Peer 1: 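Below you'll find the structure I mean.
Since the structure is predicted, the reported quantities are computational estimates derived from the model, not experimental observations. Counting convention: from 1, in listed order, for ligands and their atoms alike.
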Amino acid sequence: MLMNFVISSCMKKIQMVDLKGQYSKIKEEVDRSVLEVLDSTAYINGPKVHEFQKNLENYLDVKHVIPCANGTDALQIAMMGLGLKPGDEVITADFTFAATVEVIALLQLTPVLVDVDPITFNIDVEAIKKAITPKTKAIVPVHLFGMCANMEAIMEIAKAHDLYVIEDNAQAIGATYTYKDGKKAKAGTISHVASTSFFPSKNLGCYGDGGAIFTNDDDLAHTIRGIVNHGMYERYHHDVVGVNSRLDSVQAAVLDIKLKRLDDYNKARLQAANAYDEAFKNHANIMTPYRENIENSHVFHQYTLRIINSDRDALVKHLNANGIPCGVYYPIPLHRQKAYQDSRYNEADFPITNQLVKEVISLPMHTELDNEQLEFITSTIINFVNS
Ligand SMILES: *Cc1c(COP(=O)(O)O)cnc(C)c1O
C-alpha cells in the first residue's frame, strides 16, 4: 500500500480517455486550422469537409465516405438508404451500445437481438442463422471494442439469404480485417454499407459530434447523399423524406489532422493493450481480450477484461478508490432494457451476454498512457484479484 502511494503521488492522474494530453501534442496545428475555418465562414459543407472526406476515402480504400452529424445518424441513414421498411427484421447483437438497436426501432423496423461470442464479444454467427425468418432483411454486426466481427461468415450468411449487412464501425476505425485467403480490408468497408462515429472518445474523435457512412456502392452513395440533405438531389426538389445530418467544417478540420495520426494513435493503444496483456497473462481469474495473430486486427477502442470467479463490482469500487477510472460496457443486456423488450426473447437465448454483463470491466485506454500508470493499474488489479 505504501509502495502504491509513493508511485501515485508523483504519477500523472489516470484518465479513462486523455483528450487534453492528446490535444496538447497537436494544438498548434489544430488551432491554426480551426481559426482558418472560422475566418473562412464556410462553416457548413466547406472545403474542409470535402478534403477530410477524400482523405478518409483514401485511408479506408473505400469509394464513398458520406460525412454526417454523428454515429447514430450514420446508422439510421444507412438503413434509410437501403430502403428498409417498417416490419422488416434486422438482426443485431444483444451486447452493444443502445444506439445500434435504437435506430432500428426508430425506423419501425423490428430489432432482433441475438447473443454474442464469449471470446470475441462480437455477434454470434450461429445465433444469427437461428434468428433468420422470411422477414429478415439485414444484419448489423458491431465491431465491438475495436475488434472486427466475423465478417466473412456473416457476409456468406447474408449472401445465402439475400440480406444486407451494415457494419456499425463506431469502435473500430482503422482496424484491418484479414480474410481466410489473406486478403485484407479496413473495418467498415467489408459489408454493403457501414457507419462510424467521431464522438471525442472514439479512436478517431473530433471536438464535438460527428459521424460518417461508408460504401462502395455508387447508387447507394447517391441515395444517401440526398437523404442527409433533406432528401434533396436537386436544389429544392425533395424526392424522398430525408434528414438534416451534417459534419461541420470545424470538426472536419480537427478530424483531418487526427486522421494523419490515426495509425499512430491505434499503435499507442495497442502498446497499452500489450502491457495489460503481459501483466495479466498468468492470472486464472482474469481473462484478457481475444487477440488474433494479426497485429492490427484489434484497435482497442476499449480494453475489456472478464473477471472470473471474483467480484467485478467490488473491483470497480476498489479501482475508483485508488484513483483509477474504469467502465462497465455494458451493464445491462439490450434485451432486458425496457425500451427493447420483446415477447419473442427468452433468457435462455442469451447465456453469454447475461454472463458478460456481470464480468466485464474496461480499463483506461487512450493514446497517452505511460508505463508508470500502466504498472499502477495492473498491480492494483492483480493485488485485488489475488487477495
Ligand atoms: C458511439 C457509438 C455509436 C453512436 O455514435 P454517436 O456518434 O455517439 O451517435 C453507435 N454504435 C456504437 C457501437 C458506438 O460505440
Peer 1: For the pair Lys159 and Glu156, find out whether any cationic side-chain nitrogen is under 4.0 Å from an anionic carboxylate oxygen.
Peer 2: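 Looking at Lys159 and Glu156, the cut-off is not met.
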Peer 1: Decide whether a cation-pi geometry holds between Lys183 and Tyr179; the criteria are a distance under 6.0 Å from NZ or CZ to the six-membered ring centre and an angle within 45° of the ring axis.
Peer 2: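 Satisfied, under 6.0 Å and within 45°.
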Peer 1: Taking the six-membered ring for Trp and the full ring for Phe, Tyr or His, determine whether the centres of His366 and Tyr265 are under 6.0 Å apart.
Peer 2: no
Peer 1: Scan for ring pair (Phe, Tyr, Trp, His ring centres under 6.0 Å) pairs involving residues 28-76, sequence neighbours excluded, and state none if there are none.
Peer 2: Phe52-Phe198
Peer 1: Using atom types as modelled, flag every donor-acceptor pair under 3.5 Å from a side chain in residues 304-311 to any protein atom, sequence neighbours excluded.
Peer 2:
{"from": "Thr304", "atom 1": "OG1", "to": "Ser362", "atom 2": "OG", "distance (Å)": "2.8"}
{"from": "Arg306", "atom 1": "NE", "to": "Glu359", "atom 2": "OE1", "distance (Å)": "2.8"}
{"from": "Arg306", "atom 1": "NH1", "to": "Pro118", "atom 2": "O", "distance (Å)": "3.2"}
{"from": "Arg306", "atom 1": "NH2", "to": "Glu359", "atom 2": "OE1", "distance (Å)": "2.8"}
{"from": "Asp311", "atom 1": "OD1", "to": "Asp313", "atom 2": "N", "distance (Å)": "3.2"}
{"from": "Asp311", "atom 1": "OD1", "to": "Ala314", "atom 2": "N", "distance (Å)": "3.1"}

Peer 1: Can you produce the list of protein nitrogen or oxygen atoms under 3.5 Å from a nitrogen or oxygen of ligand 1, alongside each distance?
Peer 2:
{"from": "ligand 1", "atom 1": "5 (O)", "to": "Ser197", "atom 2": "OG", "distance (Å)": "3.3"}
{"from": "ligand 1", "atom 1": "7 (O)", "to": "Gly71", "atom 2": "N", "distance (Å)": "2.7"}
{"from": "ligand 1", "atom 1": "7 (O)", "to": "Ser197", "atom 2": "OG", "distance (Å)": "2.6"}
{"from": "ligand 1", "atom 1": "9 (O)", "to": "Asn70", "atom 2": "OD1", "distance (Å)": "3.4"}
{"from": "ligand 1", "atom 1": "9 (O)", "to": "Gly71", "atom 2": "N", "distance (Å)": "3.3"}
{"from": "ligand 1", "atom 1": "9 (O)", "to": "Thr72", "atom 2": "N", "distance (Å)": "2.8"}
{"from": "ligand 1", "atom 1": "9 (O)", "to": "Thr72", "atom 2": "OG1", "distance (Å)": "2.5"}
{"from": "ligand 1", "atom 1": "11 (N)", "to": "Asp168", "atom 2": "OD1", "distance (Å)": "3.4"}
{"from": "ligand 1", "atom 1": "11 (N)", "to": "Asp168", "atom 2": "OD2", "distance (Å)": "2.8"}
{"from": "ligand 1", "atom 1": "15 (O)", "to": "Gln171", "atom 2": "NE2", "distance (Å)": "2.8"}
{"from": "ligand 1", "atom 1": "15 (O)", "to": "Lys202", "atom 2": "NZ", "distance (Å)": "2.9"}

Peer 1: I need the full list of ring pair (Phe, Tyr, Trp, His ring centres under 6.0 Å) pairs touching residues 112-142, with sequence neighbours left out, sorted by first then second residue.
Peer 2: Phe121-Phe145
